[in-house]
Amino acid sequence: MRWKLTDFVAAMSVAALALVACTAPPSDDTPARTRSQSDNLVLASAKALMPPEGTQRADLPLPDSEGAMLLDQYCTVCHGLSSPGTHSTTDWPVVMRRMWLRTERVAEQHDIPVPNAAERLTMTRYMLEHAFEVAGDDLPDFVGREYYMLTCERCHALPDPRQHTSQDWPAVVTRMRQHMVDLLGNAPIEAELQDISAYLQQVSR
Ligand code: HEC
Ligand code: HEC
């Protein structure tokens, strides 16, 4: 293999450190210990946001479509494959744009494939086609609506309650609770989560 994950992450950490350098220029007399500590922090914080390993192309919607094949080709170089259903229609264009920038930034030095304009469009369209739908501003007014709106928009756009059945929502809410614990270090109390689940079940399809 020509590349290693640590190489990319190191290259990206250098870019991030260069940003930090605007306020505190690292000089040659920066103690080595401090520098590797901030490298480690950048690495850990980037990794906390990366799609986890383990998703295969076969797990994606329409796995033999051109979009899924391109994702498998270009998006597995630095981290695991991300399923289009994990982000909303409003979030994907922004995430994809960031990924092109990250790819271009390290491509030459690390000899990784860079998608062309047509391929980028195909991948973005594929993501949007299978992304989760965002709620409109006509959410029905039942008990739990306020908690839903406050809690479920903290990390991504507010999902449209109609995209899951009433049987499916409680499991999604439980998974989201775990994301909150892992990523934010806190989660709403059980009573609020139950109100959210009840609300979603009420207005689901
Ligand atoms: C050059 C390395 C590299 C490539 C190639 C790459 N990524 Fe990433 N990706 C990263 C890094 C670093 C992060 C964590 C920081 C961030 O979110 O920008 C990340 C994070 C992500 C996240 C989580 C961020 C969020 O907002 O939820 C998603 C989803 C993602 N990548 C999707 C993709 C897709 C889809 C592709 C292919 C089009 C891709 N990545 C290709 C480096 C890469
Ligand atoms: C701590 C951040 C965070 C919060 C807060 C959060 N989510 Fe998520 N959500 C995620 C992540 C990460 C993913 C993608 C991975 C996954 O699907 O588990 C996601 C994906 C989703 C998806 C798309 C995947 C699917 O199964 O349909 C839905 C729907 C969703 N969240 C609903 C909710 C609801 C409802 C709440 C409020 C109870 C909520 N989220 C709060 C992080 C969060």
Side-chain angles (χ1 to χ4, degrees), residues 3-5 7-13 15-16 42-52 55 60 67-68 70-89 91-115 119-124 126-128 130-135 144 147-165 168-188 192-201 203-204:
W3 48 267
K4 283 207 310 273
L5 175 64
D7 288 336
F8 299 126
V9 179
M12 286 181 264
S13 314
V42 173
L43 197 123
S45 63
K47 277 192 158 177
L49 289 173
M50 286 184 200
T55 305
L60 301 183
L70 288 171
L71 286 196
D72 201 22
Q73 180 183 347
Y74 290 110
C75 307
T76 54
V77 182
C78 300
H79 53 64
L81 203 49
S82 51
S83 184
T86 58
H87 278 288
S88 68
T89 43
D91 291 336
W92 269 125
V94 183
V95 175
M96 295 302 264
R97 164 126 192 88
R98 214 166 63 236
M99 294 308 129
W100 312 143
L101 293 174
R102 291 197 176 284
T103 307
E104 286 165 3
R105 182 76 180 75
V106 297
E108 203 176 318
Q109 201 181 352
H110 295 277
D111 195 16
I112 58 168
V114 181
E119 290 170 326
R120 290 177 194 201
L121 199 63
T122 304
M123 284 189 265
T124 307
Y126 172 82
M127 289 309 205
L128 291 179
H130 305 283
F132 74 72
E133 295 292 332
V134 177
Y147 284 144
Y148 176 58
M149 292 175 70
L150 282 173
T151 307
C152 304
E153 205 174 23
R154 287 173 79 187
C155 301
H156 48 63
L158 195 63
D160 186 337
R162 285 167 304 189
Q163 68 203 292
H164 283 296
T165 60
D168 288 345
W169 269 121
V172 177
V173 172
T174 303
R175 204 167 81 241
M176 294 305 136
R177 184 193 175 278
Q178 194 56 47
H179 285 318
M180 290 184 238
V181 171
D182 294 343
L183 297 172
L184 306 173
N186 62 64
E192 288 177 19
L193 287 171
Q194 270 168 21
D195 275 1
I196 294 173
S197 279
Y199 177 74
L200 288 167
Q201 289 183 289
V203 298
S204 61

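Numbering of ligands and ligand atoms starts at 1, following listing order.
- Below 4.0 Å from some heavy atom of Ala46 lie the following atoms of ligand 1, by number and element: 14 (C).
- Interface atoms of ligand 2 facing Tyr148, defined by a heavy-atom separation under 4.0 Å, are 35 (C).
- Shortest non-hydrogen contact noted between Ser204 and His164 is CB-O, 3.2 Å.
- Although no hydrogens or angles enter the test, the distance criterion places a donor-acceptor pair under 3.5 Å between the side chain of Thr86 and the main chain of Ser83.
- Of all atoms in ligand 1, numbered sequentially from 1 with element shown, those under 4.0 Å from a heavy atom of Met50 are 11 (C), 12 (C), 13 (C), 14 (C), 19 (C).
- Between Arg154 and ligand 2, not a single N/O pair is under 3.5 Å apart.
- In the vicinity of Cys78, heavy-atom distances shorter than 4.0 Å reach the ligand 1 atoms 1 (C), 2 (C), 3 (C), 4 (C), 5 (C), 42 (C), 43 (C).
- Heavy atoms of Tyr126 come nearer than 4.0 angstrom to ligand 1 in no pair at all.
- Using a 4.5 Å heavy-atom cutoff, the side chains of Thr124 and Trp92 are not in contact.
- Proximity annotation for atom 30 (C) of ligand 1: of Gln73, Arg98, His79, His79 comes nearest, heavy atoms only.
- The heavy atom nearest to atom 28 (C) of ligand 1, considering only Pro52, Pro51, Cys155, is found in Pro51.
- Side-chain atoms of Pro93 and Leu128, non-hydrogen and from C-beta on, do get closer than 4.5 Å to each other.
- Taking every heavy atom of Gly85 and a limit of under 4.0 angstrom, the matching atoms of ligand 2 come to 23 (C), 24 (C).
- When hydrogens are left out, the protein atom nearest atom 32 (C) of ligand 2 is Pro159 CG, 3.5 Å; that is the closest non-hydrogen contact.
- For atom 39 (C) of ligand 1, the choice among Met123, Arg102, Met99 with the nearest heavy atom turns out to be Met99.
- Counting atoms of ligand 2 from 1 in the listed order, those under 4.0 Å from a heavy atom of Arg175 are 16 (C), 17 (O), 18 (O), 24 (C), 25 (C), 26 (O).
- The proximity of Val106 to ligand 1, defined as any non-hydrogen pair under 4.0 Å, is limited to the side chain.
- Here the rule is side-chain contact (heavy atoms from CB on, under 4.5 Å) with Ser82, and of Cys75, Pro51, Pro52 only Pro51 fits it.
- Residue contacts with ligand 1 for Cys75 involve both N, CA, C or O and side-chain atoms from C-beta outward (heavy atoms, distance under 4.0 Å).
- Side-chain contact between Cys155 and Leu184 is present, with at least one heavy-atom pair separated by less than 4.5 Å.
- Side-chain N or O atoms of Trp169 include one that pairs as donor or acceptor with a backbone N or O of Pro161 at under 3.5 Å.
- Closest to atom 8 (Fe) of ligand 2 among all protein heavy atoms lies His156 NE2, 2.0 Å.
- Residue contacts with ligand 2 include His164, since one of its heavy atoms falls under 4.0 Å from the ligand.
- Assignment of His87 to the shell around ligand 1 is supported, since a heavy atom sits closer than 4.0 Å.
- Close contacts between ligand 1 and Trp92 involve ligand atoms 29 (C) [criterion: under 4.0 Å to a heavy atom].
- Using a 4.0 Å cut-off between charged nitrogen and carboxylate oxygen, Glu104 and Arg120 count as a salt-bridge pair.
- Across all their heavy atoms, Ala131 and His87 have their closest contact at CB-O, 3.3 Å.
- For atom 34 (C) of ligand 2, the closest non-hydrogen atom on the protein side is Cys152 SG, 3.5 Å.
- Taking every heavy atom of Val95 and a limit of under 4.0 angstrom, the matching atoms of ligand 1 come to 26 (O), 28 (C), 29 (C).
- Atom 11 (C) of ligand 2 has its closest protein heavy atom at His179 CD2, 3.6 Å.
- Close contacts between ligand 2 and Leu184 involve ligand atoms 1 (C) [criterion: under 4.0 Å to a heavy atom].
- Among all heavy-atom pairs drawn from Asp160 and Gln163, the shortest one is O-NE2, 2.7 Å.
- In plain terms, the two heavy atoms of Ile112 and Val77 that are nearest each other are CG2-CG1, 3.5 Å.
- A pairwise comparison of heavy atoms in Tyr74 and Val114 identifies CE2-C, 3.7 Å as the closest pair.
- Every atom of ligand 2 with a heavy atom of Thr151 under 4.0 Å away is listed here by number and element: 5 (C).
- In the vicinity of Tyr74, heavy-atom distances shorter than 4.0 Å reach the ligand 1 atoms 5 (C).
- Using a 4.0 Å cut-off between heavy atoms, Lys47 makes no contact with ligand 1 at all.
- Checked by atom type and distance alone, the side chain of Thr165 pairs as donor or acceptor with a backbone atom of Asp168 at under 3.5 Å.
- Closest approach of Arg162 and Val203 over heavy atoms only: CG-O, 3.7 Å.
- In this structure, the protein non-hydrogen atom closest to atom 29 (C) of ligand 2 is Trp169 CH2, 3.8 Å.
- Looking only at heavy atoms of the protein, atom 19 (C) of ligand 2 is closest to Met176 CE, 3.4 Å.
- Taking the side chain as every heavy atom from C-beta outward, Asp195 and Glu192 never approach each other to under 4.5 Å.
- For the pair Val173 and Arg177, the minimum side-chain heavy-atom distance is 4.5 Å or more.
- Residue-ligand proximity, Trp100 to ligand 1, at heavy-atom distances under 4.0 Å covers atoms 38 (C).
- Every atom of ligand 1 with a heavy atom of Met127 under 4.0 Å away is listed here by number and element: 35 (C).
- A heavy-atom distance below 4.5 Å is found between the side chains of Met123 and Pro115.
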